[in-house]
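Let me begin by presenting the structure, written as structure tokens, before commenting on it.
Here is the naming used below: chain letters follow the sequence lines, and residue numbers restart at 1 for every chain.
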Number of protein chains: 2
Amino acid sequence: MIGKLNHIAIIVGDLEAAIERFHQLFGARLLEREFLDESQTDVAVLDLNGVHVELLSSPDETSRVGRILRERGEGVHHLSFHTDHIEAELERLHRKGVRLLDERPRRGLHGRKIAFLDPTSTDGVLIELVQEPESDHQ
Amino acid sequence: MIGKLNHIAIIVGDLEAAIERFHQLFGARLLEREFLDESQTDVAVLDLNGVHVELLSSPDETSRVGRILRERGEGVHHLSFHTDHIEAELERLHRKGVRLLDERPRRGLHGRKIAFLDPTSTDGVLIELVQEPESDHQ
């Protein structure tokens, strides 16, 4: 089954301004910054009173994040939940009729395995499953 | 300042089906159900592995939730965070330039005080502040 909330992901236009805004307004602390070449995505992970918030932006209008920003604007993009066995969990959800955007896990930050469910199967909410590398199993 | 995440609110078309779906797919447990006459909103609060998820629906297409459902469809609606002193917090945020949808708190479920921030001030994310009744102060 799925476990605890891993993070709430938010797409923003100006990443630096958003990091500063979430800090000034809500006391959020910056935990990490990373630029993902493959997807041309700029990522900042914040700690917002115990909840991790992942801010996503992109300098490239044709990237996935860039397209969403252009077409739908800023806002909550997905909710991410831990799982210990992502392949088994995807199979279980598929058997229950959930459409999968990723039939097999792909590589996320720091060697994590990630996969997205099709939001048409989950009331319009884009849900990501994430499995930590072996050493981080909880 | 704002405190911990209180809940993630999701607007759904069919509340009964969504409660069952979140249970079957993700093991979410139903904590409470309530129908709010004033706003014609049907509310279900679920525990999803430690995170409270508030499912919102409405039988009335002209209600606030009904309009959002018709215009934007299902999906994440707002993020709600605890605060101990909602009036002071609204004043602090206003001084920092945040536009407020509720300049003064209004009454939420179970005697809570709630207020929404204008999402144009918070990167497209609709944020609710919630203060528990006195006896529940943490």
Considering only heavy atoms, give the residues of residues 26-38 of chain B separated from chain A by less than 4.5 Å, sorted numerically, with 'none' for an empty result. B:Phe26, B:Gly27

Whatever's closer than 4.5 Å to a heavy atom in chain B on A:Ile11 counts as backbone

If you group Ile, Leu, Val, Met, Phe, Trp and Tyr by side-chain heavy-atom gaps below 4.5 Å, do B:Ile19 and B:Val45 land in one group? no

A:Leu79 portion near chain B, given a 4.5 angstrom heavy-atom threshold: side chain

Would you kindly confirm whether B:Val53 and B:Leu56 end up in one hydrophobic cluster when ILVMFWY residues are joined by side chain heavy atoms under 4.5 Å apart? no

Is there a path from A:Leu101 to A:Ile68 through hydrophobic residues (I, L, V, M, F, W, Y) whose side chains come within less than 4.5 Å of each other? no

Do A:Leu126 and A:Leu69 sit in one hydrophobic cluster, given that two such residues count as connected whenever their side-chain heavy atoms are within less than 4.5 Å of each other, even indirectly? no

Checking the side chain of A:Asn49 only, and the main-chain atoms of B:Gly3 only, is there a donor and an acceptor separated by less than 3.5 Å? yes

Donor-acceptor pair, distance only, cut-off 3.5 Å: does the side chain of A:Arg92 make one with the backbone of B:Leu25? yes

Hey, what do you get for CD (A:Gln24) to CG (B:Leu93), rounding to the nearest 0.5 Å? 11.5 Å

Here's a test for you: under side chain to side chain contact (heavy atoms under 4.5 Å, CB included), which of A:Ile8, A:Val76, A:Val125 qualifies with B:Ile8? A:Ile8

Can you tell me which of A:Lys96, A:His78, A:Arg72 forms the most heavy-atom pairs within a distance under 4.5 Å of chain B? A:Lys96

Distance check, rounded to the nearest 0.5 Å: A:Leu48 atom CG versus B:Ile127 atom CD1? 7.5 Å

In terms of hydrophobic clustering (I, L, V, M, F, W, Y; side-chain heavy atoms under 4.5 Å; direct or indirect links), are A:Val98 and A:Ile86 co-clustered? yes

As an exercise, state the distance from CG of B:Leu5 to NE2 of A:His52, rounded to the nearest 0.5 Å. 12.5 Å

Answer yes or no: is there a side-chain heavy-atom contact under 4.5 Å between A:Val51 and B:Val51? no

Distance in Å, B:Leu55 CG paired with A:Asp123 CG, rounded so as to fall on 0.5 Å steps: 7.0 Å

Verify the neighbour count for atom CD of A:Glu103: are there more than 12 heavy atoms of other residues, nucleotides or ligands below 6.0 Å? no

Quick one: what part of A:Glu89 sits under 4.5 Å from any heavy atom of chain B, side chain, backbone, both or neither? side chain

